[in-house]
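The next block holds one structure in the form of structure tokens; read it before the comments.
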Amino acid sequence: MTAAISFSPTLEDRLSPSSPSPSSAPSSPPLRLSLAPVGAVPALLDGAWWPRSRDLGAELPALTAVLDPLWGRITRVTVNPTHWPVVPRKVPVAGHVVKVGWFLAEQDPHELLLLSYRVGRWNLLVIPPQTDQVSAAWLMAAASDPLGTSTASRLMEEEARLRTVSETDRAVEAVWDTEGGHGARDPAALPRPRIPAVAATDRDRSAAPAGPSGM
């Protein structure tokens, strides 16, 4: 089951606190969440959630506040404790309490499982809080792709691979710039290629037409 809602990872930049509206009151940071479209074929993941910390007690209320109207009241969530230092048994949210469970071997370490009583279950990729915006944007798009077939851990591995490739390309570019590579890109700045001299044989000399006298 999927729902259509998407909060861009860069939304908080457009709502920068450096220039608040005079009449606006302080508010919570926007929820960073991306979900697959409504009516899409069920995939392994229903979207991605990018929390700001690994504190479930602090992060879950904002998540359930958005998901409850879309998916029905979230009554239980489960996590893999590998990346969560503290897993509380219950978390108070708006109007009710969410029970929290955990599975070590049975659940993907990068996944959050949400259950709604008598409605269904959903799986969200949990993007690490310290992830940079470019990587998070890619992960959000990939996890909410209705045609996606990757697990949460597989997406994290692919993002790490792409980041490594990008960093390698930047390193090569830096070396290229340091060595004057940009200047060499201008065709006018490139040296003319030297054509190797080929010694003419007696046969070539006899076949060549005689040039005008006096040259």
Side-chain angles (χ1 to χ4, degrees), residues 1-15 17 24-104 106-131 133 136-137 139-146 148 151-153 155-156:
M1 185 173 181
T2 54
I5 180 170
S6 178
F7 294 87
S8 168
T10 58
L11 180 59
E12 58 186 334
D13 294 337
R14 297 196 296 271
L15 301 177
S24 62
S27 60
S28 301
L31 184 68
R32 303 184 296 189
L33 176 70
S34 179
L35 303 180
V38 173
V41 177
L44 291 179
L45 294 171
D46 297 290
W49 174 43
W50 187 18
R52 288 178 168 76
S53 73
R54 288 291 186 179
D55 184 346
L56 282 171
E59 300 291 342
L60 278 181
L63 179 63
T64 58
V66 170
L67 295 182
D68 279 359
L70 295 171
W71 292 350
R73 175 173 289 191
I74 303 299
T75 55
R76 183 179 177 84
V77 302
T78 66
V79 298
N80 184 314
T82 300
H83 299 299
W84 299 97
V86 177
V87 180
R89 296 184 61 184
K90 297 180 180 180
V91 174
V93 300
H96 64 290
V97 173
V98 174
K99 295 180 180 180
V100 183
W102 60 269
F103 296 98
L104 193 58
E106 298 87 347
Q107 185 164 340
D108 190 308
H110 297 287
E111 186 177 270
L112 175 72
L113 171 64
L114 303 102
L115 299 169
S116 181
Y117 184 63
R118 291 185 179 178
V119 178
R121 56 169 282 178
W122 300 269
N123 301 77
L124 295 179
L125 163 69
V126 180
I127 301 174
Q130 70 277 12
T131 304
Q133 290 189 354
L139 287 166
M140 282 189 162
S144 56
D145 182 355
T151 64
S153 286
L155 286 180
M156 293 299 298

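Residue numbers start at 1 and run along the sequence shown.
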Those residues at least two apart in sequence (or on a different chain) that pass side-chain hydrogen bond (donor to acceptor under 3.5 Å, both in side chains) with T151 are none

Would you mind writing out the side-chain donor-acceptor pairs for residues 86-101 within the sub-3.5 Å range, not counting sequence neighbours?
residue : atom : partner : partner atom : Å
H96     : ND1  : A94     : O            : 3.2
H96     : NE2  : I74     : O            : 3.0

List the residues meeting side chain to side chain contact (heavy atoms under 4.5 Å, CB included) with A142, not counting sequence neighbours, and say none if there are none.
W138, L155

CD1 (I127) and NE2 (H110) are apart, to the nearest 0.5 Å, by 11.5 Å

Nearest 0.5 Å please: distance from the OG atom of S116 over to the CG atom of L67.
10.0 Å

Within this structure, what is the CH2-CG distance for the pair W49 and L33, rounded to the nearest 0.5 Å?
9.5 Å

Note: G148 and A43 closest approach over all heavy atoms is O-CB, 3.5 Å

Are E111 and V79 close enough that some pair of their side-chain heavy atoms sits under 4.5 Å apart?
no

Closest non-hydrogen contact found for P51 with W84 is CG-CH2, 4.5 Å

Which heavy atom of A62 sits nearest a heavy atom of L31, and at what distance?
O-CD2, 3.8 Å

My understanding is that only residues two or more places apart in sequence, or in another chain, count here; which of them pass side chain to side chain contact (heavy atoms under 4.5 Å, CB included) with T75?
R73, Y117

Side chain to side chain contact (heavy atoms under 4.5 Å, CB included) test vs D46 passes for just one of N123, L114, L35, namely N123

First locate atom CG of L124, then atom OG of S34, and finally report the distance between them rounded to the nearest 0.5 Å.
9.5 Å

With sequence neighbours excluded, give me every side chain to side chain donor-acceptor pair (under 3.5 Å) pair touching residues 53-64.
S53-E59

Below 4.5 Å, heavy atoms only, C-beta onward: do L125 and M156 meet side chain to side chain?
yes

Taken in chain and number order and not counting sequence neighbours, the residues that satisfy side chain to side chain contact (heavy atoms under 4.5 Å, CB included) with P109 are N80, T82, H83, S153

Calculate, to the nearest 0.5 Å, the distance between atoms CD and CH2 belonging to Q130 and W50 respectively.
10.0 Å

Looking at W102, I'd like to know if its CH2 atom is crowded, meaning that more than 12 non-hydrogen atoms belonging to other residues, nucleotides or ligands lie closer than 6.0 Å.
no

